[in-house]
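What you see below is based on every heavy atom in this structure, not just the backbone, and it leaves out hydrogens, waters and symmetry mates. The shown structure was predicted, so the numbers you read here are calculated from the model rather than taken from an experiment. Nothing fancy with the numbering, it's 1 onward along the sequence.
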Amino acid sequence: MSSGLNLAQHEAVNYLQGPCLVLAGAGSGKTRVITHKIARLIQSGVEPERIAAITFTNKAAAEMRERARGLIGKHASKVLICTFHALGVRMMREDGALLGLKPQFSILDSDDVVSLLKDAGGTTDAATAREWQWTISRWKNMGLSPAEAEAQASGDNERITARIMARYEERLSAFQSVDFDDLISLPLKLLRDHEEARQRWQARMGHVLVDEYQDTNAIQYELMKLLVGFPHRPDARFTAVGDDDQSIYGWRGATLDNLRQLPVDFPQLKLIKLEQNYRSTSAILRAANNVIGPNPKLFPKTLFSELGEGEPVRVVDADNEEHEAERAVARIQSIRAGQTTEGGPHREFKDFAILYRANHMAKPFEQALRRAQIPYKVSGGQSFFDRAEIKDLCAWFRLWINNDDDPAFLRAITSPKRGIGHQTLAQLGNFASQYKVSLFEALFASSLPSAVSSRALHGLHEFGRTINDLEHRARHTAGKEDAMRFLTDWLKEIGYEKHLYDSEDNENVANARWTNVLEFCDWMAGRCGGDIEDATGAQATERKSLLEVAQTISLISTLNEREQEQNVVTLSTLHASKGLEWPHVMLVGVNEGLLPFKLGDDDEHSGRSDGPMSEGILQRLQEERRLMYVGITRAQRSLAVSWTRRRKKGRDIVAALPSRFIAEMALDKGTVKEDPREKLKALRAEFAKRAAVAAEVKS
């Protein structure tokens, strides 16, 4: 079962006696260790249903399920492999009633949250509401209630935000809704406050495996501890797999304190380091080890590779962003044409990635790739579920599941429009607020006729009856064919196709949006038929009702898991690239003020001097260094790092400096400064030579 594992991996897989921390360096085979450990646990007698593997993205969970299936077979479908948030949904659907939440609660997306906060804070400004959203999210991830947040608020702004948070929480409760942060904080509250539920969930957790452990925040760690029986079980059965050198999500609450605290909370913790890298050449790893070297180490480790020295890391300087993009394209063309030893068999477009610090940096690279007719995709672009047409349909589903979901009600009743105007909705809203009921519940109140006109009342009642009828039919519609028939009939009934074409001036845009709708319906029907797994890790072969499938939708951030791999160059932010790898990587915009990102408030190069830094700046610099390390370790065969002498800053062009990380990385003499213009010149000469030879053969 554990064949092909190295000694450290073998030790991690076979250690079953108690708490275990696997310190898995980049490319060291951590997913392999987790899946083999699941197999080993089953082999040792742990029932598959009592094993939980928790990770951070739906995509990572889907990949882990697939690999577990390949290794374990049918038992893999019984193992709970999901994200922290999906586990939270499962816990709340089962036990949320203990916290006053009905099983059909709604999960609000970011836009819904902003709408609620605008209402709670009495503003129409979305930017202000988004600032409140970030602050409230940070407080929730610290486990703070509105009262606790207000008590420790620093300044009037935070005090006001804490009061808005209290009103926002009241609205969430009234709408029987939760936001994404609640999917961790409410399960934690459940386990803390309800002993019977705590014992039941602990009994179900024979062994918990946590992937990307360094990305956990404070309340995720508290939730994990309670699930594994802390503090009553010092021999708690869990395996945390992570890497302190890849902790790059401090801005969203992830904390290395969780790694520091683990051996304190669990003195019997077994530490196993995975230091052999199976991804990158020695030249690339040396650059990575050099860059991360100045950071303080919780658990020192040094990655090594047996893949050989490989090509030296290239450093490319450019005049400006456009020149940098041209050089990146020239490099891709050069490697693909075989004018370098770096290519080998890895010359398809999908073998290349261009990575940068921030989304706005993609534009010149997109333009240069289009000019060169090189296909590409921008990773981390708009999610399928962020498209207006998909959000419209999901609002209807949310309303079937939870009639008290007011944001969903307002979207569904106006998409498509059904002769119910804003004035009527305002009157309905005032009525619902007065009687403290949801908008849907207000539809059927005996005193509503006194608040709206008889014509408006007829339209509202008709909408209410439609929702009730659709909910009943969706509950009793199961399997792929029936679900597809239902969805097709429903779209005709509400006239959604006509609504799309009427609301778009451009017919091609309307066509594309309607295609998205049909694709979404096909995907939904596939889930009902058991063709596609749901986000909570339920068995793929299980037939489900349309209503059951609709309940999992809010949890799925993208449809990436069903995309076929495309043969295109990837453009991606460094944050979005984590967990991925490519044969050829170009790190671009590696300038001071970009990577590391501007460290001080005033000076773009603050923190560059040799003088003492504040603790805050020092911590940010360390996280930026880890981000550079993550970028370097995405590369398998070749790595080029580029910077520009000048950059755009607003309307001005300013002088720019290479990042300090280039100097740190280039301590090795093998690092080569490259001029792709020379390479391109050689390439053209080679093409001319080939053409001359071909002409000679013909003659």
Could you check Glu222 against Lys225 for side chain to side chain contact (heavy atoms under 4.5 Å, CB included), going step by step and ending with a plain yes or no? CA-CA 5 Å; Glu222 291 302 316; Lys225 283 201 297 188; 3.4 Å; yes
Please confirm whether the backbone N or O of [Y] pairs with a side-chain atom of [X], one donor and one acceptor, at under 3.5 Å?
{"X": "Arg660", "Y": "Pro596", "result": "no"}
{"X": "Lys273", "Y": "Gly25", "result": "no"}
{"X": "Gln9", "Y": "Val33", "result": "no"}
{"X": "Asn141", "Y": "Arg138", "result": "no"}
{"X": "Asp245", "Y": "Arg626", "result": "no"}
{"X": "Thr83", "Y": "Ala86", "result": "yes"}
{"X": "Ser137", "Y": "Trp134", "result": "no"}
{"X": "Glu311", "Y": "Arg637", "result": "no"}
{"X": "Asn258", "Y": "Asn217", "result": "yes"}
{"X": "His10", "Y": "Asn6", "result": "no"}

Does [X] reach the side chain of [Y], with side-chain heavy atoms less than 4.5 Å apart?
{"X": "Arg314", "Y": "Val641", "value": "no"}
{"X": "Leu627", "Y": "Arg357", "value": "yes"}
{"X": "Arg260", "Y": "Val264", "value": "no"}
{"X": "Met361", "Y": "Leu594", "value": "yes"}
{"X": "Met586", "Y": "Leu355", "value": "no"}
{"X": "Gln214", "Y": "Asp244", "value": "no"}
{"X": "Lys297", "Y": "Ile292", "value": "yes"}
{"X": "Ser280", "Y": "Ser305", "value": "no"}

Can Phe266 and Phe238 be said to form a ring-ring contact (aromatic ring centres under 6.0 Å, His included), step by step? CA-CA 11 Å; Phe266 299 94; Phe238 72 82; 4.8 Å; yes
Distance (rounded to the nearest 0.5 Å) between [X] [atom1] and [Y] [atom2]:
{"X": "Leu41", "Y": "His207", "atom1": "CG", "atom2": "NE2", "result": "5.0 Å"}
{"X": "His85", "Y": "Asp181", "atom1": "NE2", "atom2": "CG", "result": "6.5 Å"}
{"X": "Phe84", "Y": "Met224", "atom1": "CZ", "atom2": "CE", "result": "7.5 Å"}
{"X": "Leu23", "Y": "Lys301", "atom1": "CG", "atom2": "NZ", "result": "5.0 Å"}
{"X": "Thr281", "Y": "Leu639", "atom1": "OG1", "atom2": "CG", "result": "8.5 Å"}
{"X": "Asp215", "Y": "Ser247", "atom1": "CG", "atom2": "OG", "result": "6.0 Å"}

Would Arg90 and Leu183 count as a side chain to side chain contact (heavy atoms under 4.5 Å, CB included) here? Give the steps. CA-CA 9 Å; Arg90 186 174 281 216; Leu183 294 177; over 6 Å; no
Do you know the tightest heavy-atom contact between [X] and [Y]?
{"X": "Ala24", "Y": "Lys30", "result": "CB-CB, 3.7 Å"}
{"X": "Asn290", "Y": "Pro294", "result": "O-CD, 3.5 Å"}
{"X": "Ser577", "Y": "Leu574", "result": "OG-O, 2.8 Å"}
{"X": "Val228", "Y": "Ala236", "result": "O-CB, 3.4 Å"}
{"X": "Trp643", "Y": "Ala656", "result": "CZ3-O, 4.1 Å"}
{"X": "Thr633", "Y": "Arg279", "result": "O-NH1, 2.6 Å"}

In sequence, state the C-alpha distance, the side-chain angles, and the governing distance for Tyr213 and Val241, and then conclude on side chain to side chain contact (heavy atoms under 4.5 Å, CB included). CA-CA 6 Å; Tyr213 178 74; Val241 182; 5.9 Å; no
Given Asp211, which partner from the list Thr31, Thr55, Thr239 fulfils the side-chain hydrogen bond (donor to acceptor under 3.5 Å, both in side chains) test? Thr55
Face-on cation placement of Arg336 at Phe349 ring, 6.0 Å and 45° thresholds: yes
Can you see whether Phe661 has Arg625 sitting over its ring - NZ or CZ less than 6.0 Å from the centre and within 45° of the normal? no
Dump the intermediate steps for side chain to side chain contact (heavy atoms under 4.5 Å, CB included) on Leu21 and Leu259, then the final yes or no. CA-CA 9 Å; Leu21 171 61; Leu259 269 167; 3.9 Å; yes
Side chains of [Y] and [X]: any donor to acceptor distance under 3.5 Å?
{"X": "Asn14", "Y": "Arg40", "result": "yes"}
{"X": "Asn277", "Y": "Ser28", "result": "no"}
{"X": "Gln261", "Y": "Asp265", "result": "yes"}
{"X": "Arg331", "Y": "Ser334", "result": "no"}
{"X": "Ser659", "Y": "Asn591", "result": "no"}
{"X": "His323", "Y": "Arg327", "result": "yes"}

Centres of the Tyr249 and His575 rings: under 6.0 Å? yes
Can Lys363 and Glu321 be said to form a salt bridge (Lys or Arg N to Asp or Glu O under 4.0 Å), step by step? CA-CA 9 Å; Lys363 191 177 176 184; Glu321 290 96 324; over 6 Å; no
I'd like to check the side-chain contact (heavy atoms from CB on, under 4.5 Å) partners of Thr570; sequence neighbours left out, ordered by chain and number. Ala353, Lys377, Ser379, Ser572, Trp582
Give every residue pair that meets the ring pair (Phe, Tyr, Trp, His ring centres under 6.0 Å) criterion with at least one member in residues 273-306, sequence neighbours excluded. none
Are Glu66 and Arg69 close enough, and set up right, to give a salt bridge (Lys or Arg N to Asp or Glu O under 4.0 Å), and what steps lead you there? CA-CA 5 Å; Glu66 195 175 316; Arg69 258 199 305 271; 5.3 Å; no
From CA spacing to verdict: salt bridge (Lys or Arg N to Asp or Glu O under 4.0 Å), Arg67, Glu63: CA-CA 6 Å; Arg67 286 172 69 168; Glu63 183 194 341; 3.1 Å; yes
